[in-house]
Amino acid sequence: MSKQLQLPTIGMGMWAYGGGLSPDHTKDDVEVAALQNAFEIGYRHFDTAEMYASGHSEELLGLALKDYERDDFIITSKVNKENLAYDDLLAACDRSLKYLQTSYIDLYLIHWPNPAIPLEESFRALNQLVDSGKIRRIGVSNFDLPLLEHAAALSETPLFGNQVHYSLLFRKPQHDGTLDFCKENDMVITAYWPLKDGSGISAQSSAALNNQVVIEIANRISATPAQVAINWLARQPNVVTIPKSSNEQRQQENLAAGDIVISEEDVDKLDGLAT
Ligand SMILES: NC(=O)c1ccc[n+]([C@@H]2O[C@H](COP(=O)([O-])OP(=O)(O)OC[C@H]3O[C@@H](n4cnc5c(N)ncnc54)[C@H](OP(=O)(O)O)[C@@H]3O)[C@@H](O)[C@H]2O)c1
């Protein structure tokens, strides 16, 4: 029996918390406070990875949430594609658990596929981690549809879903069948880069936030362009999203995106923004 896991439609992304690819300790206090603020205002899902700041993102999350009830929040973390061999994967998970100061990770993902390591071997380790209670659910990230189908067939416990780039202006998961496959198989798409462009440039220069249609709709309904972009994802079945912010005001703004009301006519306009 697989454990029930319900992700909130809007969670907290954690790329750039604690540094980029390597750790940066200069903002630790501020970032721990930002994560605690996120929890206090209602965020319940935190998305990190061993890759983020080489584990320091996980460390900050562990520090920030160690005094809250563990069952009150959900952690997604991800194993590096270099660590997908059986022993490496088990060791990576133990490191993440230590950094996160917890005995289990709710959702553990293969961050990127690695053709050099047979997926069967990685899933043997992942299923072992489920059996031992160290992870609750297994998922993948950045898997194309054929690989997602292969992974779903391999996982003893039902595969939770796929974390992919999907946004108002980037519709690949709609076009390549990933979204339909997930809906048909009761899997969740976690949409990353809800605000940024595909190039990963800063959200302030994101095409979605500067799009005239998005701005016009946002102004008319007293929302912000970011809220419109997040809401467009959060309203879709089988889709959740994880905008990152370490700024209290923007954390609040992003979480409230779930409550804004966009008319069907405006949704149609947004649907038509990308083909
Ligand atoms: N699986 C994968 O391969 C993968 C790849 C990329 C990302 N991810 C996950 O997805 C999460 C989201 O992606 P991301 O963090 O790269 O990009 P994002 O959430 O699309 O954008 C984050 C950027 O937007 C700014 N921002 C946040 N709210 C805003 C608002 N309301 N108005 C204007 N700017 C705003 C943030 O700055 P402030 O912090 O200053 O607000 C930050 O610079 C990541 O944090 C990570 O957890 C996963």
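Both ligands and their constituent atoms are indexed starting at 1 by order of listing. Note that this is a predicted model, so its numbers are computed, not measured. Only this structure's heavy atoms are used, side chains among them; waters, hydrogens and symmetry mates stay out.
R220 has a carboxylate O that lies under 4.0 Å from a charged side-chain N of E216, or vice versa, which qualifies the two as a salt bridge.
Atoms CG and CD1, from D259 and I10 in turn, are 7.5 Å apart once rounded to the nearest 0.5 Å.
Of the listed options W15, W193, Y192, W15 places a heavy atom closest to atom 45 (O) of ligand 1. In the candidate list R250, M12, K196, R250 is nearest to atom 40 (O) of ligand 1, counting heavy atoms.
Seen from the ring of Y17, K244 counts as a face-on cation partner, given the 6.0 Å and 45° thresholds. Geometric assessment of R171 against the ring of Y166 yields a negative cation-pi assignment under the 6.0 Å and 45° thresholds. Cation-pi check for R137 over Y108 is not met; the charged atom does not lie both under 6.0 angstrom from the ring centroid and within 45 degrees of its normal.
Not a single heavy atom of Y17 sits less than 4.0 Å from an atom of ligand 1. At least one heavy atom of L209 sits closer than 4.0 Å to an atom of ligand 1. For the ligand labelled ligand 1, residue T224 lies outside the 4.0 Å heavy-atom shell.
Of the N or O atoms in K78, none lie within a sub-3.5 Å distance of an N or O in ligand 1. For S245, a nitrogen or oxygen atom sits less than 3.5 Å from a nitrogen or oxygen atom of ligand 1, counting backbone and side chain alike. Residue A226 has no nitrogen or oxygen atom sitting less than 3.5 Å from a nitrogen or oxygen atom of ligand 1, judged on distance alone. Of the polar atoms of P243, none of the N or O atoms is found under 3.5 Å from an N or O of ligand 1, judged by distance alone.
Atom numbering of ligand 1 starts at 1 in the shown order; those under 4.0 Å from a heavy atom of H111 are 1 (N), 2 (C), 3 (O). Ligand 1 places these atoms under 4.0 Å from at least one heavy atom of G13: 11 (C), 44 (C), 45 (O), 47 (O). Those atoms of ligand 1 that come under 4.0 Å of a heavy atom in N142, given as number and element, are 1 (N), 2 (C), 3 (O). Proximity to Y52 (heavy-atom distance under 4.0 Å) selects the following atoms of ligand 1: 4 (C), 8 (N), 9 (C), 46 (C), 47 (O), 48 (C). Of all the atoms in ligand 1, the ones that sit under 4.0 Å from a non-hydrogen atom of D47 are 9 (C), 46 (C), 47 (O).
The two residues S167 and L233 have their closest heavy-atom pair at CA-CD2, 4.1 Å. In this structure, Q251 and A38 approach most closely via the heavy-atom pair OE1-N, 3.5 Å.
Grouped by direct or indirect side-chain proximity (heavy atoms under 4.5 Å, Ile/Leu/Val/Met/Phe/Trp/Tyr only), V188 sits with L5, L7, I74, L107, L109, F160, V240.
For S103, there are no side-chain hydrogen bond (donor to acceptor under 3.5 Å, both in side chains) partners, not counting sequence neighbours.
When non-hydrogen atoms are compared, ligand 1 lies under 4.0 Å from neither the backbone nor the side chain of V164.
Remark: of the listed residues D266, T241, D271, D271 is the sole one forming a side-chain hydrogen bond (donor to acceptor under 3.5 Å, both in side chains) with W232.
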